[in-house]
Protein chains: 2
Amino acid sequence: MKIDKSLVRTFPLFEKMDDADTEALLAHSTSRRVPVGEAVFEQGAAATHFFLLLHGRLKVTQVTEDGQQIIVRVVHPGDLFGFAKALMRSDYPGTATAVAESIALSWPTELWPQFVDKNPRLAVTAMQTIGQRLEEAHARIREMSTQEVERRVAHAVLRLAKQAGRKEGGAVRIDFPISRQDIAEMTGTTLHTVSRIMSAWEAKGLVEGGRQKLTVKDVDGLSALAETVKG
Amino acid sequence: MKIDKSLVRTFPLFEKMDDADTEALLAHSTSRRVPVGEAVFEQGAAATHFFLLLHGRLKVTQVTEDGQQIIVRVVHPGDLFGFAKALMRSDYPGTATAVAESIALSWPTELWPQFVDKNPRLAVTAMQTIGQRLEEAHARIREMSTQEVERRVAHAVLRLAKQAGRKEGGAVRIDFPISRQDIAEMTGTTLHTVSRIMSAWEAKGLVEGGRQKLTVKDVDGLSALAETVKG
DNA sequence: CGCGTTCTTTGACACATCGCAAACATGAGG
DNA sequence: CCTCATGTTTGCGATGTGTCAAAGAACGCG
């Protein structure tokens, strides 16, 4: 799979890995196409594989006991995901669903220890990733504890713009279909409130919305809003 | 230090470790007494050591850019804490402050790799711990996204009762000084709201409060409240 | 033992946000 | 090209929670 290899090479994770090792890793992988709306794995299922997203976009969601859904994170190309086993879990804590046509590589979890053994760098990266995720989670808790909805939404949108933004002139378009509902589930609010807020922003010329579309027209303006100390 | 060793032995972390290894670990450690209000380490400081709480109780806090504080977690005896380096971080993400007279063991972070090497079980436990923490963080995000304050507070109190509860007849007293402010910072609300809620609970006979004191008198009742689907 | 600090309780009020409901827009598929 | 499903906008009323303010209670310290 030549295409895979050259693509994989562009990811930070494999940057410092030599060709032989990369090859070895890929040799054991299975590539899988995931159409929009389909899940790579479901919350609670036995964690049989871990994954690397080659192309596309996924959202990882969790459902609460009483049926409400939240988006835990968005998976971008180059991200490792679903490595529950590295954390000594036997099942997936969330559901990973494609929001855009995606391609993912997968490995059986049993292979994880070998890989780590053979390539300590992988372990380090994995640790860093997990550390980052923990930090992100805490940042989100901090936000939800102390900030009003508008600022939270602003942060979320800016984050998306940074991670999945596509420059279009002075504006940045978010590169995959995302609904108000999605943003609401990422920020702990309702789609109604998100819609209202974004309408206001649109009036101010900060963003431009559309059905499952979102473009940030004034990054600085939105940043200012996100950082504003109330009062 | 015989006392340390026999105490340490009671912790799950060392349960399956043989005496020689335990001894070796302890040999490199430094024991430190932490009076109430004092910090073991501060947010942003270089992560020079990692720790094990022997006795007492700590709270780990973070301050937001605009000065608000949140409690990230409570550290109980037997817990490993401050191992930022295991996550490839060079500084501590939060501040650990004693809320009760405490004793902690510490090791230089440089020793971490050796320990892990020598005792793989430690690595596994550490991973599990981190996994748990990530999960807890997500659970908290879920709660904050979907539940009203009263349920969140109920959950927080029940968690504390489980982790730091001391049976007193049918009731469970939380075994360290905790203020309404603390609970507010754990649940993302204000001390006023917490106070109001707990007054209501007290009227219903669910809990009994006092200055920095809290006793759950009716665990089942409170649990019911925590799980209640609104409506 | 009394003083002052810290923590807690309570009231009144404002307001952000949710819930409900209905109209509207957009894009996909026949 | 029309129609239906899905996503979006908007209004209105209800209300949970934050904010401000002040009094009261508990504890530590001199």
K.L.:
Quick check for you: among dA26(D), dC18(C), dG18(D), whose closest atom lies nearest to any side-chain atom of Thr189(B)?
P.N.:
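Nearest to the side chain of Thr189(B) among the choices is dG18(D).
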K.L.:
Which residue lies toward the 5' end of DNA chain C, Glu150(A) or Met198(B), if each is placed at its nearest nucleotide?
P.N.:
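Comparing both residues, the 5'-ward one is Met198(B).
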K.L.:
Would you say Thr190(B) reaches dG18(D)'s phosphate, i.e. side-chain N/O to OP1/OP2 under 4.0 Å?
P.N.:
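Yes, within the criterion.
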K.L.:
Five pairs per end, C1' atoms only: what is the angle between the end axes of the helix from dC1(C)-dG30(D) to dG30(C)-dC1(D), to 10 degrees?
P.N.:
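About 40°, once rounded to a multiple of 10°.
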K.L.:
What's the shortest heavy-atom distance between Met186(A) and Arg140(A), and which atoms?
P.N.:
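Result for this residue pair: O-NH2, 3.1 Å.
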K.L.:
Roughly, in whole Å, what's the span from CG in Leu191(A) to P in dC24(C)?
P.N.:
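Spelled out: CG on Leu191(A) to P on dC24(C) is 18 Å.
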K.L.:
Taking all non-hydrogen atoms of both residues, which atom of Pro35(B) and which atom of Glu101(B) are closest, and how far apart?
P.N.:
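Smallest heavy-atom distance, with atoms named: CA-OE1, 3.8 Å.
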K.L.:
Could you check whether the rings of Phe51(A) and Tyr92(A) sit parallel, tilted or perpendicular, using 30° and 60° as the cut-offs?
P.N.:
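Ring orientation of Phe51(A) relative to Tyr92(A): tilted.
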K.L.:
To the nearest 0.5 Å, what is the distance between CZ on Phe81(A) and CZ on Arg133(A)?
P.N.:
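Interatomic distance, Phe81(A) CZ to Arg133(A) CZ, rounded to 0.5 Å: 10.0 Å.
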K.L.:
Consider the side chain of Glu148(B), meaning its heavy atoms from C-beta on, and name the nucleotide among dT8(C), dT8(D), dG16(D) that approaches it most closely.
P.N.:
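The closest nucleotide is dG16(D).
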K.L.:
Return the value, rounded to whole Å, for the distance between atom CD of Glu208(A) and atom P of dT26(C).
P.N.:
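Those two atoms, CD and P, are 12 Å apart.
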K.L.:
In whole Å, what is the span from the CD1 atom of Ile178(A) to the C1' atom of dG7(D)?
P.N.:
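Distance, rounded to whole Å: 13 Å.
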K.L.:
From the list dG27(C), dT9(D), dT6(C), which nucleotide is the closest neighbour of the side chain of Lys213(A)?
P.N.:
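For the Lys213(A) side chain, the nearest candidate turns out to be dG27(C).
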K.L.:
Do you know which two heavy atoms are closest between Met144(A) and Ile141(B), and how far apart they sit?
P.N.:
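Where Met144(A) meets Ile141(B) most closely, the heavy atoms are CE-O, 4.1 Å.
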K.L.:
Among all residues two or more places apart in sequence or in another chain, which pass the side chain to side chain contact (heavy atoms under 4.5 Å, CB included) test with Lys204(A)?
P.N.:
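Side chain to side chain contact (heavy atoms under 4.5 Å, CB included) list for Lys204(A), sorted by chain: Leu206(A), Leu225(A).
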K.L.:
Which of these nucleotides, dC7(C), dT17(D), dG7(D), is closest to any side-chain atom of Ser179(A)?
P.N.:
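Out of dC7(C), dT17(D), dG7(D), the nucleotide with an atom closest to Ser179(A)'s side chain is dG7(D).
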K.L.:
Taking the side chain of Arg211(B) as its heavy atoms from C-beta onward, which of dT8(D), dC7(C), dT9(C) lies nearest to it?
P.N.:
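Nearest nucleotide to the side chain: dC7(C).
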K.L.:
Please report, rounded to the nearest Å, how far the C1' atom of dT17(C) is from the CE atom of Met144(B).
P.N.:
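After rounding, the reported distance stands at 15 Å.
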K.L.:
Can you measure Gln147(A) atom CD to dG18(D) atom C1' for me and round it to whole angstrom units?
P.N.:
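Rounding to the nearest Å, CD of Gln147(A) and C1' of dG18(D) are 16 Å apart.
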K.L.:
Quick one: is dT8(D) close enough that its OP1 or OP2 comes under 4.0 Å of any side-chain N or O from Arg180(A)?
P.N.:
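For dT8(D), OP1/OP2 do have a side-chain N/O of Arg180(A) under 4.0 Å.
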K.L.:
To the nearest Å, how far apart are Glu185(A) CD and dC18(C) P?
P.N.:
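After rounding, the gap between these two atoms is 13 Å.
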K.L.:
Could you tell me how far apart Ile197(A) (CD1) and dT8(D) (P) are, to the nearest whole angstrom?
P.N.:
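In whole Å, dT8(D) P lies 15 Å from Ile197(A) CD1.
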K.L.:
Atom CG of Leu214(B) and atom P of dT8(C): how far apart are they, to the nearest Å?
P.N.:
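Taking CG of Leu214(B) and P of dT8(C), I get 10 Å after rounding.
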K.L.:
Of the nucleotides dT17(D), dG27(C), dC7(C), which one has an atom closest to the side chain of Gln212(B)?
P.N.:
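Per side-chain heavy atoms of Gln212(B), the pick is dC7(C).
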K.L.:
For dA16(C), take OP1 and OP2 only and decide whether either is under 4.0 Å from a side-chain N or O of Thr193(A).
P.N.:
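Thr193(A) to dA16(C) OP1/OP2: no side-chain N or O under 4.0 Å.
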K.L.:
For a quick test of reading the model, state the closest non-hydrogen atom pair linking Ala98(A) to Leu58(A) and the distance between them.
P.N.:
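So the minimum-distance heavy-atom pair works out to CA-CD2, 3.4 Å.
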K.L.:
Have a look at Glu208(A) and tell me which of Arg173(A), Lys213(A), Lys217(A) forms a salt bridge (charged side-chain N to carboxylate O under 4.0 Å, His left out) with it.
P.N.:
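That would be Lys217(A); it is the only one of Arg173(A), Lys213(A), Lys217(A) passing the salt bridge (charged side-chain N to carboxylate O under 4.0 Å, His left out) with Glu208(A).
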K.L.:
Please produce a list of atom pairs where a protein N or O lies less than 3.5 Å from an N or O of nucleotides 11-15 of chain C.
P.N.:
from    : atom 1 : to        : atom 2 : distance (Å)
dG11(C) : N7     : Arg196(B) : NH1    : 3.1
dG11(C) : O6     : Arg196(B) : NH2    : 3.2

K.L.:
Do Arg159(B) and Glu143(B) pass the salt bridge (charged side-chain N to carboxylate O under 4.0 Å, His left out) test, and can you show the C-alpha distance, the side-chain angles, and the key distance before you say yes or no?
P.N.:
CA-CA 13 Å; Arg159(B) 222 172 290 140; Glu143(B) 280 184 16; 2.8 Å; yes
K.L.:
Can you tell me how far the CD1 atom of Ile183(A) sits from the CG atom of Leu214(A), to the nearest 0.5 Å?
P.N.:
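Atom-to-atom, Ile183(A):CD1 and Leu214(A):CG are 5.0 Å apart.
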K.L.:
Is any side-chain N or O of Ser199(B) closer than 4.0 Å to OP1 or OP2 of dT8(C)?
P.N.:
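For dT8(C), neither OP1 nor OP2 has a side-chain N or O of Ser199(B) closer than 4.0 Å.
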